[in-house]
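Since the structure comes first, as structure tokens, the remarks are kept for the end.
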Amino acid sequence: MRNEKAGARTNVNRAKLYQLVLFPMNNGATNVYYILTMNFIAYYANGVLGLFLMFATTMVTVMRLFDAVTDPVIGALIDRTSTKFGKFRPYMVLGNAIMVVASILLYFGTRVIPADLSWLKYVCFVLFYALYVIGYTFQTACTRSGQTCLTNDPNQRPLFTVFNTVASLIGMGLVQFLAPILSEKLGGYNSAGFFNFMIPLAIVVSAVLTLLAVIGIWEKDRPEFFGVGGTQEKVELKEYVAILKANKELQRLMVAGAGCKLAFSIATNMTVLCMLYGAMMGNYGGLYLPMMIVGYVFSVPFFLLTVRTSQKHGQKASLVRYTGLALVMYVGVLVLLVLWKPGSPAVSLSLVPPNIYSILFVLCFGIGYGAYYATADMPIPMVADCSDYETFRSGRYIPGIMGTLFSLVDKLVSSLGSTIVGAAVAMIGISTLPDGNTPYADGMHMVVIVLFCIVPMLAWVATLAAMKGYTLTGERMKEIQAVNAVRKDAVSKGMRLEDAMQKWKTSKDVPQEYFSL
């Protein structure tokens with residue numbers, strides 16, 4: 001009985017339910033700004049400020065690249081930080097505060113610049129946007145890195161995926177739900193009135209979610225929950241390449257995560273959905289929200305399935321299984337979009353009354369989106385597995401670096417989303433980003449097929465290929481946690497970390513009481 005208690009004490013760091021629920025709100029807090037930026041800032045720059053379309057869409061990519069570049073620097077700062085307020089909480093609060101200031105300057109300050117100083121509008125737009133990116137990186141880096149101290153229980157980490165997605169929905173879903181409703185009443189996505197309402201709302205919602213997240217991680221943001229020795233790692237930026245080269249599992253997860261994010265950023269891009277539901281199907285107001293709800297409704301059973309699969313077989317098995325299902329179902333969506341013809345009700349999406357085409361579209365899209373959306377955020381808790389593996393491999397606790405290395409590639413790839421969409425729209429001769437009222441134009445059909453179906457399908461293929469060689473299965477993670485636990489116990493009793501790593505190299509060397517039950 002004593003051994004079992006010792007194993008439970010030293011091996012498994014379990015979070016309380018409220019901590020699992022509240023800390024992912026940090027992701028919701030950043031996603032409020034993320035969805036506004038990715039989907040609407042180009043409308044603001046082009047429609048409200050009068051900046052060139054290609055500049056507006058390209059800047060989204062440039063700033064996403066800047067976001068990726070700042071990630072490793074901030075990751076190293078997080079790993080070196082140790083304050084009375086913790087390691088992660090300072091960056092969560094500071095990041096959100098910076099985004100508040102930057103958003104006010106970006107969305108309101110730039111408007112007061114006189115029209116005859118258009119060059120100054122371009123300069124201020126870039127500077128304020130860059131300031132926002134720094135704040136965003138501060139806070140979002142903590143979602144991936146902070147989860148490592150929250151829990152290392154293989155049965156709890158899949159739950160983090162669910163609560164993380166719920167938090168994301170609270171932040172991102174609120175914007176997606178309100179945007180089409182408010183745009184009709186406030187003059188469209190290109191109007192100043194739309195942003196006058198949405199930006200203050202985003203600031204308030206994000207601040208509240210940040211406060212909840214800080215409460216969620218408060219008790220765990222302490223050195224005793226940091227790695228094996230509880231020490232602050234000082235890793236130089238030049239060592240990043242060596243760490244990435246040695247950690248093959250993180251490499252594979254980067255590819256998978258980047259594929260998931262690229263699929264999501266393009267297929268759910270507001271411009272793409274405006275062309276699909278508005279220009280092609282002719283009923284943006286009657287299709288956008290219902291189809292968004294369809295996707296969320298179909299996601300619910302898949303959330304339950306992914307948790308069960310992850311707890312039984314590991315997160316890799318869950319990601320592969322349901323991403324594969326999404327790929328198969330989107331073949332059906334692709335076929336249906338290819339069959340669409342302008343002005344033909346028989347092959348057009350209509351929910352009231354529904355036709356055979358619409359029923360098939362809802363089923364293929366709903367199952368495919370539901371399966372994909374339930375796994376879209378799964379790479380985030382899998383980063384924690386890679387971080388624990390790095391601790392097992394090298395003895396270092398560097399969640400900031402591990403999380404931001406993952407984000408680096410994730411953001412580099414997803415940064416292409418807005419530029420790809422903007423370039424595709426420009427190629428068919430449209431000078432202003434389409435909204436729900438934009439009429440159909442030649443070339444839109446093919447653009448929607450490529451952006452809504454083919455690009456996500458290729459991204460899912462890349463995800464499945466990357467996961468083929470990923471070895472951090474559920475059983476493997478239990479073994480890694482046991483080795484880390486026995487080393488941590490020995491170090492806490494005075495043994496040098498180097499000696500502990502030499503003594504316990506594999507799970508075969510570890511006493512049974514250190515394995516989680």
Non-hydrogen side-chain atoms of [X] and [Y] separated by less than 4.5 Å:
| X | Y | result |
| --- | --- | --- |
| Ile243 | Met402 | yes |
| Val32 | Leu174 | no |
| Val126 | Met63 | yes |
| Val175 | Val205 | no |
| Leu472 | Met382 | no |
| Gln139 | Ile98 | no |
| Tyr372 | Pro456 | no |
| Val461 | Leu327 | yes |

For [X] and [Y], work out which heavy atoms get closest and say how close.
| X | Y | value |
| --- | --- | --- |
| Arg14 | Lys220 | O-NZ, 2.8 Å |
| Ile199 | Ser103 | CG2-CB, 4.2 Å |
| Ser310 | Gln315 | OG-CA, 3.8 Å |
| Leu22 | Leu212 | CB-O, 3.3 Å |
| Gly332 | Cys364 | CA-SG, 4.0 Å |
| Met25 | Ala213 | C-CB, 4.0 Å |

inquiry  = Among residues at least two apart in sequence or on other chains, which ones pass side-chain hydrogen bond (donor to acceptor under 3.5 Å, both in side chains) with Ser507?
reply    =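 If we apply the side-chain hydrogen bond (donor to acceptor under 3.5 Å, both in side chains) test to Ser507, skipping adjacent residues, there are no hits.
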request  = Sequence neighbours left out, what passes side-chain hydrogen bond (donor to acceptor under 3.5 Å, both in side chains) with Thr471? Give chain and number order.
outcome  =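 Applying side-chain hydrogen bond (donor to acceptor under 3.5 Å, both in side chains) to Thr471 gives Glu249.
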message = Is it true that, when you exclude Phe177 itself, more than 12 heavy atoms of the residues, nucleotides or ligands shown sit nearer than 6.0 Å to its CZ?
response =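 At most 12 heavy atoms, drawn from other residues, nucleotides or ligands, come within 6.0 Å of this atom.
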message = Run the side-chain contact (heavy atoms from CB on, under 4.5 Å) test on Leu336 and Phe365 for me, step by step, so that the C-alpha distance in whole Å, both residues' side-chain angles and the decisive distance to 0.1 Å come before the verdict.
response = CA-CA 10 Å; Leu336 290 170; Phe365 168 78; over 6 Å; no
Looking at [atom1] of [X] and [atom2] of [Y], how far apart are the two atoms once the value is rounded to the nearest 0.5 Å?
| X | Y | atom1 | atom2 | result |
| --- | --- | --- | --- | --- |
| Tyr136 | Asn31 | OH | CG | 6.0 Å |
| Arg487 | Phe392 | CZ | CZ | 6.0 Å |
| Met477 | Cys386 | CE | SG | 8.0 Å |
| Arg496 | Gln502 | CZ | CD | 10.5 Å |
| Tyr470 | Leu250 | OH | CG | 8.5 Å |
| Gln19 | Cys149 | CD | SG | 9.5 Å |

Sub-3.5 Å donor-acceptor pair from the side chain of [X] to the main-chain atoms of [Y], do we have one?
| X | Y | result |
| --- | --- | --- |
| Asn484 | Asp388 | yes |
| Glu390 | Arg396 | no |
| Ser318 | Thr306 | yes |
| Arg252 | Gly469 | yes |
| Ser206 | Ile203 | no |
| Thr391 | Ser387 | yes |
| Asp509 | Lys505 | yes |

ask   = Is the ring centre of Tyr373 less than 6.0 Å from the ring centre of Phe298?
value =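 Ring-ring flag for Tyr373/Phe298: false, centres at least 6.0 Å apart.
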Do [X] and [Y] have a side chain donor and acceptor closer than 3.5 Å?
| X | Y | answer |
| --- | --- | --- |
| Asn27 | Thr143 | no |
| Asn26 | Thr210 | no |
| Tyr397 | Thr148 | yes |

task = List the steps, then state whether side-chain contact (heavy atoms from CB on, under 4.5 Å) holds for Val335 with Leu360.
result = CA-CA 11 Å; Val335 171; Leu360 291 174; over 6 Å; no
Verdict with supporting geometry, Tyr330 and Tyr369, ring pair (Phe, Tyr, Trp, His ring centres under 6.0 Å) = CA-CA 8 Å; Tyr330 261 63; Tyr369 186 87; 7.9 Å; no
Under a 4.0 Å N-O cut-off, is there an ion pair linking [X] with [Y]?
| X | Y | answer |
| --- | --- | --- |
| Asp499 | Lys503 | no |
| Glu479 | Lys508 | no |
| Arg89 | Asp221 | yes |

query = How would you list, by chain and number, every residue that makes a ring-ring contact (aromatic ring centres under 6.0 Å, His included) with Phe66, sequence neighbours excluded?
reply =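 ring-ring contact (aromatic ring centres under 6.0 Å, His included) check on Phe66 returns nothing, list empty.
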query = Mind checking whether Tyr322 and Phe302 have parallel, tilted or perpendicular rings, split at 30° and 60°?
reply =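 The rings of Tyr322 and Phe302 stand perpendicular, inter-plane angle above 60°.
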message = Does the plane of the ring in Phe85 sit parallel, tilted or perpendicular to the ring in Trp218? Use 30° and 60° as the thresholds.
response =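 It falls in the perpendicular class, over 60°.
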query = Which is it for Thr463 and Val255 under the side-chain contact (heavy atoms from CB on, under 4.5 Å) test, yes or no, and what are the steps along the way?
reply = CA-CA 6 Å; Thr463 296; Val255 175; over 6 Å; no
inquiry  = Among Leu273, Asn269, Val421, exactly one meets side chain to side chain contact (heavy atoms under 4.5 Å, CB included) together with Leu451. Which residue is that?
reply    =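 Among Leu273, Asn269, Val421, the one meeting side chain to side chain contact (heavy atoms under 4.5 Å, CB included) with Leu451 is Val421.
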inquiry  = Quick one, Thr81 with Tyr91, criterion side-chain contact (heavy atoms from CB on, under 4.5 Å). Give me CA distance, side-chain angles, the key distance, then yes/no.
reply    = CA-CA 10 Å; Thr81 296; Tyr91 291 96; 2.6 Å; yes
